[in-house]
Amino acid sequence: LALLVGGPFLVDPVSHWEGFMRHVPSALTAGEANPSGPALALDLVKALGFGPAAANVAAIGLWLGFAIVVLAASRSWLMDARRAGDARRWVMVSVLLATLLAPRPMAYGYLLLAPVALAFAPAPFHTPARRWVLVLLICAQGLARAAHQQPTGLLYTYAPFLLTVALWALIVRDHATSRPQSPLAGPAT
């Protein structure tokens, strides 16, 4: 695979790929086309007054810190999904984490989360009626756009990413509270 992908860059005319790379946008590019964590981190550090060069470094650092926290908090959930041996469950867990941690998922990258959200349906969305509320939350930004209502601001721009973070946090919390404690773990805190 590496030879198929990288091999053409070694011979002419593709070997002069530097011009192509100048036109590839940064993963930190913000906006509705890229409602990602790194882009949100960049907007947040810019709002704190960081200069352009320092803002990029701070945003990447903030994003890496976030990714470490997400992976650490998801560890038992990942391990339990792996031990369960259920391929569907493992795929759903992987899709959620991959979308959450993708540096540039683009707006359409969040489409993969609809089945994940319904498969894991965290509290308070356990009942069928409340799952419809979850579906409406997932569709809210698209419905607003279809109705020609386009609010501005960070909350609206990054709604897909923020909803993914909230969904992940609820699912991990549900998993932690429903997971049987090891007799060696001591009392729950």
Side-chain angles (χ1 to χ4, degrees), residues 20-78 81 92-125 133-177 189:
F20 170 76
M21 294 305 286
R22 281 194 298 270
H23 299 288
V24 174
S26 165
L28 297 176
T29 303
E32 287 184 32
N34 183 29
S36 67
L40 175 59
L42 181 62
D43 277 349
L44 292 175
V45 297
K46 281 182 178 177
L48 293 174
F50 283 78
N56 284 341
V57 172
I60 290 169
L62 183 61
W63 175 247
L64 288 175
F66 170 78
I68 290 167
V69 167
V70 165
L71 291 173
S74 301
R75 185 176 184 278
S76 69
W77 186 44
L78 280 166
M92 295 288 188
V93 170
S94 300
V95 165
L96 177 57
L97 289 175
T99 305
L100 185 62
L101 297 176
R104 195 166 172 82
M106 306 303 284
Y108 49 80
Y110 292 96
L111 289 174
L112 294 171
L113 292 177
V116 174
L118 296 174
F120 290 122
F125 305 106
V133 173
L134 182 59
V135 168
L136 289 174
L137 282 172
I138 293 169
C139 298
Q141 192 178 30
L143 293 172
R145 181 170 285 224
H148 303 291
Q149 302 295 317
Q150 296 206 11
T152 58
L154 289 180
L155 186 61
Y156 179 76
T157 300
Y158 294 104
F161 174 73
L162 295 172
L163 182 61
T164 304
V165 171
L167 178 68
W168 165 80
L170 289 171
I171 290 170
V172 168
R173 183 206 60 195
D174 280 1
H175 177 265
T177 57
T189 56

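Taking both residues in full, the closest heavy atoms of A73 and V172 are given as O-CG1, 3.4 Å, listed atom of the first, atom of the second, then distance. Here the closest non-hydrogen pair linking L100 and F161 is O-CE1, 3.7 Å. Between A121 and L134, the shortest heavy-atom distance links the atoms CA-CD2, 4.4 Å. Contact detail for I138 and A114: the closest heavy-atom pair is CD1-CA, 4.5 Å. The heavy-atom pair separating A58 from F50 by the smallest distance is CB-CE2, 3.8 Å. Shortest non-hydrogen contact noted between A55 and V45 is O-CG2, 3.4 Å.
Proximity of a side-chain donor or acceptor of Y110 to a complementary backbone N or O of T164 within less than 3.5 Å is not detected.
Atom-to-atom distance recorded for D174:CG and W77:CH2 is 10.5 Å, nearest 0.5 angstrom. Taking CG from L96 and CG from L101, the interatomic distance works out to 9.0 Å, rounded to the nearest 0.5 Å. Annotation: the span from L163 atom CG to L113 atom CG amounts to 8.0 Å, rounded to 0.5 Å. Distance check: L154 CG to L162 CG gives 8.5 Å after rounding to the nearest 0.5 Å. For the atom pair L167 CG and F125 CZ, the distance stands at 8.5 Å (nearest 0.5 Å). Rounding to the nearest 0.5 angstrom, the gap separating the CH2 atom in W63 from the OG atom in S36 is 6.5 Å.
No more than 12 heavy atoms of other residues, nucleotides or ligands sit less than 6.0 Å from atom CG of L155. When the shell of 6.0 Å around CZ of R75 is examined, it contains 12 or fewer heavy atoms from other residues, nucleotides or ligands.
Considering only heavy atoms from C-beta on, R173 stays 4.5 Å or farther from P122 through its side chain. When side chains are defined from C-beta on, T99 does not count as touching W168, because their heavy atoms never get closer than 4.5 Å.
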